[in-house]
Number of protein chains: 2
Amino acid sequence: MSMDTKETILSAARAAAQAHGYGGLNFRDLAAQVGIKAASLHYHFPTKADLGAAVAKRYWQDTAAALEAMRGEMPDAGDCLRRYPSIFRRSLENGNRMCLCSFMAAEFDDLPEAVRDEVENFANINVSWLSETLVAAGLTDPAEAEKRARAIFAAVSGAQLLARSRADITLFDELVGSYRQAGLLPG
Amino acid sequence: MSMDTKETILSAARAAAQAHGYGGLNFRDLAAQVGIKAASLHYHFPTKADLGAAVAKRYWQDTAAALEAMRGEMPDAGDCLRRYPSIFRRSLENGNRMCLCSFMAAEFDDLPEAVRDEVENFANINVSWLSETLVAAGLTDPAEAEKRARAIFAAVSGAQLLARSRADITLFDELVGSYRQAGLLPG
DNA sequence: ACCTGAACACCGTTCAAGT
DNA sequence: ACCTGAACACCGTTCAAGT
């Protein structure tokens, strides 16, 4: 019961933050969606900073799990890299939302320290996975892998941001296509 | 006098929005900075939406002017393209701020229609300039220029976003370097 | 353990009214 | 033309009280 409510809060807060950011996240709307009162949220998460950090942490953990699963299911590392943008595509499919941590990256100045740390973790697990996968695919010199991984992560994030601003998911696909054509991503 | 106040508001609002976004922009702090009361701001800009649209409009107009100036000063189109990321670098240099319109792209869901339109204009003038400059540099088939231009715009935006989240401008430089290495930007 | 109503201090926004 | 006080709606948060 307790765990159910906490999980419900986490997932509702995640969806809200992917649409409105950390600043746009508010306890009253969130509580209404969960079916409790705003004051009750503080039983589960003492402060907004606690909630924000918990949401961002769960977010990168889920992403890390999805990336691991991808490597487990697809034997070819090149195939995994070709599929990587689909992780970001999914947010756009889900109500033109965006990556929680991209939104929070923009909000950097107003983020509690604990939340910033989780945003950093998100970037780190993406870069690590890309780095390892690039090397496994034999596409990059190991010494250059992390640099290349960061470039892919940043570029795909930017593609999502631009596509969101037009509410046009085909634009995301086109941008990813252009990255492939340019050689940033494996074709 | 009137024009001075309005200009002061616009420039203070721009700086604030580049750090805190449209949602984080607040009339009281802004008014204090300008030296009037919060309520007085509404004489110059009836609503926050009006202010946001005016700031975003001025922002893309300034950017368009800077890009035109670059083309005027540098005869070589390739040199202009190599310099393009410096426009985005400047925001990071200025207190780790970011492109106003990237921030607003994230805030898409909560943006008044008039503000959305100016965000779109910003992207359009960037893509147009890049497109023309790519063709002038003989780097891209005219039929493909706009697609390539959008990819550059999105990728550089993403690099700025990631660099901001680490408050690390050297990361921006590294990412731009990687884009060049990958062939997205001219070396 | 889990939730709530009521209250708190605060802040952005609006508007009628001032000069 | 330009500005303001005061009211309003909303925010995160607290806490004593309920189940």
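Chain naming here is simple, since letters A, B, ... match the order of the sequence lines and numbering starts at 1 in each.
- For residues 13-32 of chain B, the pairs satisfying ring pair (Phe, Tyr, Trp, His ring centres under 6.0 Å) are B:Phe27-B:His42, with sequence neighbours left out.
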Show me the protein contacts with nucleotides 12-15 of chain C, counting only N or O atoms at under 3.5 Å.
{"from": "C:dG12", "atom 1": "OP1", "to": "B:Asn26", "atom 2": "OD1", "distance (Å)": "2.6"}
{"from": "C:dG12", "atom 1": "OP1", "to": "B:Asn26", "atom 2": "ND2", "distance (Å)": "3.3"}

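- Checking A:Tyr59, A:Trp60, A:Trp129 one by one against A:Phe122, the ring-ring contact (aromatic ring centres under 6.0 Å, His included) holds for a single residue, A:Tyr59.
- Residues meeting the side-chain hydrogen bond (donor to acceptor under 3.5 Å, both in side chains) test with A:Glu93, sequence neighbours left out: A:Arg89.
- Rounded to an integer number of Å, the gap from A:Lys37 NZ to C:dA7 P is 16 Å.
- At a threshold of 4.5 Å between non-hydrogen side-chain atoms, the residues B:Arg82 and B:Met74 do not count as touching.
- Salt-bridge formation is not detected for the pair B:Glu174/A:Lys147: no Lys NZ or Arg NE/NH1/NH2 atom is positioned less than 4.0 Å from an Asp or Glu carboxylate oxygen.
- Atom pair B:Ile9:CD1 and D:dC2:P shows a separation of 10 Å (rounding to whole Å applied).
- Legend: salt bridge (Lys or Arg N to Asp or Glu O under 4.0 Å) pairs involving residues 8-37 of chain B, not counting sequence neighbours, sorted by first then second residue: B:Arg14-B:Asp62.
- Atom CZ of B:Arg83 has 12 or fewer neighbouring heavy atoms from other residues, nucleotides or ligands inside a 6.0 Å radius.
- Rounded to whole Å, the distance from OH on B:Tyr43 to C1' on D:dG5 is 19 Å.
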Pairing annotation in dot-bracket form, given for DNA chain D with Watson-Crick or G-U pairs under 3.5 Å and | for cross-strand partners = ||.|||||...|||||.||
Quiz: residues 154-166 of chain A side-chain donor-acceptor pairs under 3.5 angstrom, not counting sequence neighbours:
{"from": "A:Ser157", "atom 1": "OG", "to": "A:Phe153", "atom 2": "O", "distance (Å)": "2.8"}
{"from": "A:Gln160", "atom 1": "OE1", "to": "A:Cys99", "atom 2": "N", "distance (Å)": "3.0"}
{"from": "A:Gln160", "atom 1": "NE2", "to": "A:Phe88", "atom 2": "O", "distance (Å)": "3.1"}
{"from": "A:Arg164", "atom 1": "NE", "to": "B:Ala106", "atom 2": "O", "distance (Å)": "3.0"}
{"from": "A:Arg164", "atom 1": "NH1", "to": "A:Asn96", "atom 2": "O", "distance (Å)": "2.7"}
{"from": "A:Arg164", "atom 1": "NH1", "to": "B:Asp109", "atom 2": "OD1", "distance (Å)": "3.3"}
{"from": "A:Arg164", "atom 1": "NH2", "to": "A:Ala19", "atom 2": "O", "distance (Å)": "2.9"}
{"from": "A:Arg164", "atom 1": "NH2", "to": "B:Ala106", "atom 2": "O", "distance (Å)": "2.6"}
{"from": "A:Ser165", "atom 1": "OG", "to": "A:Leu162", "atom 2": "O", "distance (Å)": "2.8"}
{"from": "A:Arg166", "atom 1": "NH2", "to": "B:Asn124", "atom 2": "OD1", "distance (Å)": "2.9"}

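- Taking atom NZ of B:Lys6 as the reference point, atom P of D:dA1 lies 12 Å away to the nearest angstrom.
- Nucleotide D:dC3 holds its P atom 13 Å from the CG atom of B:Leu30, rounded to whole Å.
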